[in-house]
Enquirer: 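Encoded as structure tokens, here's the structure I'll be asking about.
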Amino acid sequence: MLLDIQAYFKGKTERMKTMRIKDLLRAEGIQLHTAPADRDQTIDLLVSLQDKVGNLTDPEQYKRDILAREKLGSTAIGNGIAVPHAKSAAVRRPGLTAITVPGGVDYNAPDAQPSTLFFMIAAPKDGGDTHLEILSRMMVMLMDEEFCKALMDARTVEEFLTCIDRQEREKYPEEEEILPPAQEEKKPQGYRILAVTACPTGIAHTYMAAEALEKKGQELGIPVKAETQGSGGAKNVLTRAEIKAADAIIIAADKEVDLARFDGKHVLRVPVSDGIHRPEELIRTAPDAPVYHHTGEAAQEEEGERFGRRIYKQLMNGVSHMLPFVIGGGILIALAFLLDDASIDYANFGTNTPLAAWFRNIGNAAFNVMLPILAAYIAMAIADRPGLMVGFVGGALAVSGATFAAPAGDSGSVSGFLGALIAGFVAGYLMLGLRALCDKLPRALEGIKPVLIYPVVGLLLIGLFMCVINPFVGMLNSALYSGLSAMGSGSKILLGFVVAAMMAIDMGGPFNKAAYLFGTSTLATADIAAGGSDVMAAVMIGGMVPPIAIALATTFFKNRFTQEERKSGPVNYVMGLCFITEGAIPFAAADPWRVILSCALGSGVAGALSMLFGCASPAPHGGLFVFPVMHNVLGYVAALVIGSLVGMILLAVLKKKKS
């Protein structure tokens with residue numbers, strides 16, 4: 001049995017690098033020639049040594065975790081060796097302690113012989129497979145019977161440590177030393193892997209992916225630095241020197257990222273969700289990714305990238321740039337109605353008082369350009385800078401409703417949100433085609449292409465296109481919103497259930513984004529003075545329920561969650577009330593179908609009730625902070641509470657108790 005275990009761990013060690021044993025084993029954590037009476041006294045002694053060297057935050061909890069591990073089967077290996085170990089939340093940092101017991105202790109060894117040489121491994125709960133890595137290395141070293149005998153014969157702690165160091169260097173002569181976390185800062189080193197993370201909203205996924213990559217890099221001994229391109233701008237920005245020295249770059253993003261600075265580097269491009277769920281795989285495979293060569297055009301497509309994936313990234317690039325205009329403008333317009341007095345002149349509600357008019361005008365300034373911004377950045381994701389202006393004008397023409405019959409605009413032909421989407425994609429691909437044609441022109445005309453040919457010809461082409469499609473898309477929009485307005489109460493309840501449940505299905509993914517985009521598009525035709533959009537209210541409540549339901553479940557049904565989940569659960573109260581659905585992602589990742597099913601049904605119930613109670617929101621974001629400007633806020637709060645309780649109860653029923 002011992003040989004089988006040793007062979008397994010030897011093979012595992014050949015595939016991974018780990019911390020050196022000597023660096024984990026301090027002199028204060030070693031006692032030689034001890035004489036504990038039994039197994040329990042042996043464990044007490046080893047735990048006290050772990051506490052003495054500062055590896056533990058709670059010795060009693062760590063001891064309980066050690067005993068729980070022993071119940072699964074004795075950690076005695078045989079041949080006089082025992083290696084008790086446990087992953088525990090009570091461990092501050094990974095470490096080893098050791099004792100020799102010449103008289104031996106009955107430790108239930110498989111060969112029924114007393115154990116005389118003990119090593120105890122302390123591994124943090126969130127330390128990955130730290131204990132297995134240490135254990136694997138020790139097993140390879142302890143295969144040498146002469147080495148074990150030398151340890152037992154050691155007269156001093158220094159001699160014991162010297163023996164370990166000599167054996168480790170003999171077994172791993174070519175290995176670079178990796179210091180434990182406590183000493184890692186003292187060893188200067190560059191970043192071998194760099195990353196850029198970005199999601200369309202720039203709120204949660206961006207930072208979760210960066211943290212997962214950096215944390216996994218630390219576990220693997222591969223230094224990783226992640227730049228986050230969030231809603232507040234780029235943070236932890238990669239320097240030119242770091243890029244030059246790095247082995248590879250990981251781009252974990254659901255929107256277009258400027259890659260010019262990574263010219264000549266191995267670049268691996270994946271969705272931001274892969275950065276959260278597959279960090280180890282990305283870090284290990286990034287150095288084998290294709291070398292990126294920048295040509296001055298829009299971001300080059302990843303080899304083999306699906307057409308649908310490219311379209312999604314281009315759309316999300318537009319959405320991410322549009323959202324600040326939608327959110328800021330929508331909330332300021334809502335505040336204008338909150339601060340105004342409708343009794344003065346209901347026809348001008350929102351601008352009757354100077355303060356209300358001030359908020360309304362600023363909000364309108366942002367709201368009026370949100371669709372041109374959407375179209376501009378979709379086009380830019382496709383055709384780089386030449387697409388920006390053409391896309392912006394296309395979006396503006398969609399808002400104005402310009403046609404050949406009414407060049408100044410016609411309210412009956414406004415193509416709105418859908419028209420701006422079409423304008424963005426058409427503008428981008430028009431400019432790609434125009435650039436391909438211009439490549440055939442003489443090189444002497446190279447300088448006038450970006451300043452004359454692209455803007456003038458591109459502008460004329462998008463103007464012609466939008467004047468053609470505006471009437472048709474305008475009619476489609478009118479039919480869609482007329483249909484929504486004409487829906488009976490039963491149909492609206494079903495619509496509320498569907499859009500709210502979609503918000504909880506993938507919590508920031510395509511379903512979530514599709515529902516959110518549909519909700520924001522209804523704001524364009526909603527009566528803000530009357531409270532806003534009932535669809536937007538259902539969408540927002542659908543995104544608030546999952547984190548709140550999880551927080552409630554971790555509070556009232558603690559035995560369904562791990563200790564780590566119980567600690568992080570209460571944070572979801574705040575995230576849910578702020579309409580940050582992504583707080584539920586770690587729980588969904590750990591138990592997908594139970595958590596997603598519970599949250600989707602809870603969100604669906606809340607969305608249906610929101611429609612039933614006639615709730616409406618004038619703003620597309622803000623959660624708790626826009627409650628004062630919502631229509632029927634009491635009904636909305638009731639729908640939120642009921643939906644969250646439904647999600648909590650389903651979680652309690654579906655999830656199994658944790659031992």
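Owing to the predicted nature of the structure, the values given are computational and were not obtained by experimental measurement. Counting begins at 1 with the first residue of the sequence.
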Enquirer: Quick check: closest heavy atoms across Met431 and Ala383, and the distance to 0.1 Å?
Expert: CB-CB, 3.8 Å
Enquirer: Which value, rounded to the nearest 0.5 Å, describes the distance between Ser610 atom OG and Phe497 atom CZ?
Expert: 14.0 Å
Enquirer: Could you measure the distance from the CD1 atom of Ile548 to the OH atom of Tyr573? Nearest 0.5 Å is fine.
Expert: 9.0 Å
Enquirer: Determine, stepwise, if the pair Val499 / Tyr516 fulfils side-chain contact (heavy atoms from CB on, under 4.5 Å).
Expert: CA-CA 8 Å; Val499 296; Tyr516 184 72; over 6 Å; no
Enquirer: Are the side chains of Ile541 and Tyr636 in contact, using a 4.5 Å heavy-atom criterion?
Expert: yes
Enquirer: When you measure from the side chain of Asn470 to the backbone N and O of Leu397, does any donor-acceptor pair fall under 3.5 Å?
Expert: yes
Enquirer: With Asn632, which residues qualify under side-chain hydrogen bond (donor to acceptor under 3.5 Å, both in side chains), at least two apart?
Expert: none
Enquirer: Can you find a pair of side-chain heavy atoms, one from Phe425 and one from Ile311, that are under 4.5 Å apart?
Expert: yes
Enquirer: Could you pull out the closest heavy-atom pair between Met466 and Ala398, with the gap in Å?
Expert: CE-CB, 3.7 Å
Enquirer: In the structure I gave you, are the side-chain heavy atoms of Met370 and Leu374 within less than 4.5 Å of one another anywhere?
Expert: no
Enquirer: Work out which heavy atom in Met544 is nearest to a heavy atom in Leu577; give both atom names and the distance.
Expert: CE-O, 3.7 Å
Enquirer: Determine whether Leu430 and Val390 make a side-chain contact, defined as any pair of heavy atoms from C-beta on separated by less than 4.5 Å.
Expert: no
Enquirer: Does the side chain of Asp534 reach to within under 4.5 Å of the side chain of Phe613, using non-hydrogen atoms?
Expert: no
Enquirer: Is there a donor-acceptor pair closer than 3.5 Å between any side-chain N or O of Lys492 and the backbone N or O of Val535?
Expert: no
Enquirer: For a side-chain contact (heavy atoms from CB on, under 4.5 Å) check, start with the C-alpha distance between Val399 and Asn368, then their side-chain angles and the critical distance, and finish with the verdict.
Expert: CA-CA 8 Å; Val399 173; Asn368 290 341; over 6 Å; no
Enquirer: Are the side chains of Leu640 and Phe627 in touch, meaning some heavy atoms are under 4.5 Å apart?
Expert: yes
Enquirer: Lys265: which residues meet the side-chain hydrogen bond (donor to acceptor under 3.5 Å, both in side chains) condition with it, sequence neighbours left out?
Expert: none
Enquirer: Hey, is the main chain of Ala537 close enough, under 3.5 Å, to the side chain of Ser617 for a donor-acceptor pair?
Expert: no
Enquirer: If we only count heavy atoms from C-beta on, is the Phe404 to Leu464 side-chain gap below 4.5 Å?
Expert: yes
Enquirer: What pair of heavy atoms forms the shortest contact from Ala423 to Gly395, and how long is it?
Expert: CB-N, 3.9 Å
Enquirer: In chain order, what residues pass the salt bridge (Lys or Arg N to Asp or Glu O under 4.0 Å) check against Arg261, with sequence neighbours excluded?
Expert: Glu227
Enquirer: Phe262 vs Ile251, test: side-chain contact (heavy atoms from CB on, under 4.5 Å). Steps then yes/no.
Expert: CA-CA 10 Å; Phe262 304 128; Ile251 307 295; 3.8 Å; yes
Enquirer: Backbone N or O of Pro386 within a donor-acceptor pair of the Arg435 side chain at under 3.5 Å?
Expert: no
Enquirer: If you round to the nearest 0.5 Å, how far is CG of Leu437 from CG of Leu432?
Expert: 11.0 Å
Enquirer: Looking at every non-hydrogen atom in both residues, tell me the closest pair between Ala195 and Leu213 and how far apart they are.
Expert: CB-CD1, 3.8 Å
Enquirer: Nearest 0.5 angstrom please: Tyr429 OH to Ile378 CD1, how far?
Expert: 10.5 Å
Enquirer: Compare every heavy atom of Ile276 with every heavy atom of Ala212, then report the nearest pair and how far apart it is.
Expert: CB-O, 4.0 Å
Enquirer: Using side-chain heavy atoms (C-beta onward) and a distance below 4.5 Å, is Met389 in contact with Phe392?
Expert: no
Enquirer: Under the side-chain contact (heavy atoms from CB on, under 4.5 Å) criterion, do Lys225 and Asn236 qualify, and how do the steps go?
Expert: CA-CA 8 Å; Lys225 177 182 178 180; Asn236 205 28; 3.3 Å; yes
